[in-house]
Amino acid sequence: MLPNALYIKKGFEKSIYDGHPWIYKNAINRIRGKFTPGDLVEIKDWRGKFLGIGYANPASYITARVLTREQESIDEGFWHKRLKRALDFRRNIGVNTLDAYRLVFSEADFLPGLIIDKFGDYIVMQVLTLGMERVKDTIVKILIDLLPVKGIYQKNDATVRAFEGLTLEDSIIFGEVPEKVVIEENDVKFCVNIAGGQKTGHFLDQRCNRILLKGVAQGANVLDAFCYTGGFGLNAAKFGAKSVLGVDVSEEAIRTASHNAKMNEVDEICEYEVANVFDRLRELEKEGQQFDVVVLDPPAFTKSKKAVEGALRGYKEINLRAMKIVKEGCFLLTCSCSHHISWDLFESVIFEAAKDARKTLRIIARGGQPPDHPILLGFDESLYLKCLLLEVS
Ligand code: SAH
């Protein structure tokens, strides 16, 4: 038994009992013992019935995260078991043979606050909570034990760390990590800028959705809006697109996208521009430009519930503009990566945009997260990526 415990208010225990790993500040009835932020605590219902063990941080609105619903020791053996389970799972679903994949997807891999991506022989980890920060060195030690890895980089620059009272840090934590690593995904080569890129360096979560372009890219003029390092457009080029125009606001991303186009020997048909997509879509419409395929893969316009309305306006605006520059009977691939925007909400905002643009839409495919980003039922927060391939007429 641990010396510290959090007792949950009556009525708030159900979701935790059913597997939701977050304990919000307002769900806590009382605290037994004194703990330092980051310490392990037992989680009990209001009567004292054991619900699980987690780590706590009173500085955060998510005051505790459940690690286990069993009575067990949270020691090196525990972390080893959890990481091995994440690895075995990737083996069981056949993604471990890929050059690059997500190895640990936080709560959905029963390792709350930890993201690990593998790029060839290198690993990039993001530690998002104080509880995880405390065991970071143990995690690194186990990773080296479990995998042939040349280097591990900690990309701890996510602003959510501030909610946990953690500073931002960005450094090599084991071995040697080059500034750039080349990976292959869907037969396309990408240069991943580990230290200077966004998030862990490459958006692995769109791997399967990029393939949705296969049926529609042949001979197409493609606009890849919010292209980052060229993910969708380069796949389209491989699938036989006639031309690709990539747009992103980040100069660094556009530099890498152009480099990636060269590396894949499709630079003759790919053009990249640094621009704000909101402005560029309006300009393209004014210029009377039309595309066979438009891809919209914006960043999460909202990271909080409060900002949903503003985000919906953003989604509506870009989708409406995009629909106007898609040729009659051609295609729009549109995405949302905010978990605050549900599938229903996403589809309804796309429909609203279509009505305003006087367009008719048919859904050809719905895409979500690839298998290395599993969705934990009972934990809605693990479902965030939605992708629609639409015919626009
Ligand atoms: N489609 C990419 C991932 C996109 S991530 C892929 O397949 O890899 C979102 C991108 O949107 C980031 O590269 C970011 O720099 C860019 N971005 C954010 N706001 C933008 C804006 N207003 N205009 C253009 N690009 C923007």
Side-chain angles (χ1 to χ4, degrees), residues 100-102 117 119 124 157-159 181-194 196-214 217 222-239 241 244-261 263-264 266 270-284 293-303 307 310-311 313-319 321-322 332-338 341 367-370 373 384-389:
Y101 58 93
R102 177 151 291 186
D117 283 352
F119 299 111
V124 180
D157 60 354
T159 46
V181 175
V182 175
I183 59 152
E184 204 165 309
E185 178 195 274
N186 307 341
D187 290 326
V188 178
K189 289 192 194 79
F190 288 97
C191 176
V192 180
N193 190 342
I194 304 260
Q198 296 181 27
K199 301 281 178 76
T200 61
H202 181 70
F203 292 93
L204 292 166
D205 53 0
Q206 291 284 26
R207 183 178 67 243
C208 298
N209 295 332
R210 292 178 184 126
I211 299 177
L212 292 177
L213 292 176
K214 191 170 185 177
V222 178
L223 171 65
D224 183 5
F226 306 96
C227 66
Y228 187 50
T229 59
F232 281 95
L234 292 174
N235 274 269
K238 281 271 158 160
F239 294 136
V244 173
L245 172 61
V247 180
D248 200 285
V249 80
S250 154
E251 265 180 50
E252 166 65 33
I254 288 299
R255 242 194 321 273
T256 310
S258 305
H259 172 77
N260 286 341
M263 221 175 18
N264 288 284
V266 290
C270 294
E271 196 186 319
Y272 290 98
E273 284 179 5
V274 178
N276 184 323
V277 166
F278 285 82
D279 301 336
R280 198 65 186 104
L281 286 173
R282 279 175 186 276
E283 280 169 18
L284 289 167
V293 176
V294 175
V295 175
L296 290 177
D297 182 21
F301 286 149
T302 169
K303 287 187 175 136
R313 276 196 297 277
Y315 284 116
K316 184 169 170 188
E317 165 75 12
I318 51 170
N319 279 283
R321 299 282 157 212
L332 169 64
L333 184 144
T334 183
C335 310
S336 159
C337 62
S338 168
I341 309 287
Q369 293 160 219
H373 295 62
Y384 69 99
L385 186 60
K386 300 150 295 283
C387 171
L388 289 171
L389 178 61

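Whatever order the structure lists them in is the order used to number ligands and atoms, beginning at 1.
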Counting only heavy atoms closer than 4.0 Å, does ligand 1 sit against the backbone of R280, its side chain, both, or neither?
neither

Please report whether ligand 1 has a polar contact with [X], defined as an N or O pair separated by less than 3.5 Å (distance criterion only).
X: A253; answer: no
X: F226; answer: yes
X: T229; answer: no
X: P298; answer: no

Closest candidate by heavy atom, reference [atom], pool [options]:
atom: atom 24 (C) of ligand 1; options: N235, D205, V249, D224; value: V249
atom: atom 18 (C) of ligand 1; options: S250, A300, P299; value: P299
atom: atom 14 (C) of ligand 1; options: L281, V274, D248; value: D248

Please confirm whether [X] comes under 4.0 Å of ligand 1, counting heavy atoms of the residue only.
X: C227; result: yes
X: Q206; result: no
X: A275; result: yes

Who's the nearest protein heavy-atom neighbour of [atom], and how far?
atom: atom 22 (N) of ligand 1; result: N276 OD1, 3.2 Å
atom: atom 23 (N) of ligand 1; result: V277 N, 2.9 Å
atom: atom 12 (C) of ligand 1; result: Q198 OE1, 3.3 Å
atom: atom 1 (N) of ligand 1; result: D297 OD2, 2.7 Å

Should you measure from each heavy atom of [X], which atoms of ligand 1 turn up under 4.0 Å away?
X: Y228; result: 2 (C), 3 (C), 4 (C), 8 (O), 13 (O)
X: R210; result: 6 (C), 7 (O), 8 (O)
X: F232; result: 1 (N), 7 (O)

For a quick check under 3.5 Å, do N319 and T334 share a side-chain donor-acceptor pair by atom type?
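Indeed, the side chains of N319 and T334 share at least one donor-acceptor pair under 3.5 Å.
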
Hey, is R313 close enough to E317 for a salt bridge, meaning N to O under 4.0 Å?
no

Are any non-hydrogen side-chain atoms of I183 and H202 less than 4.5 angstrom apart?
yes

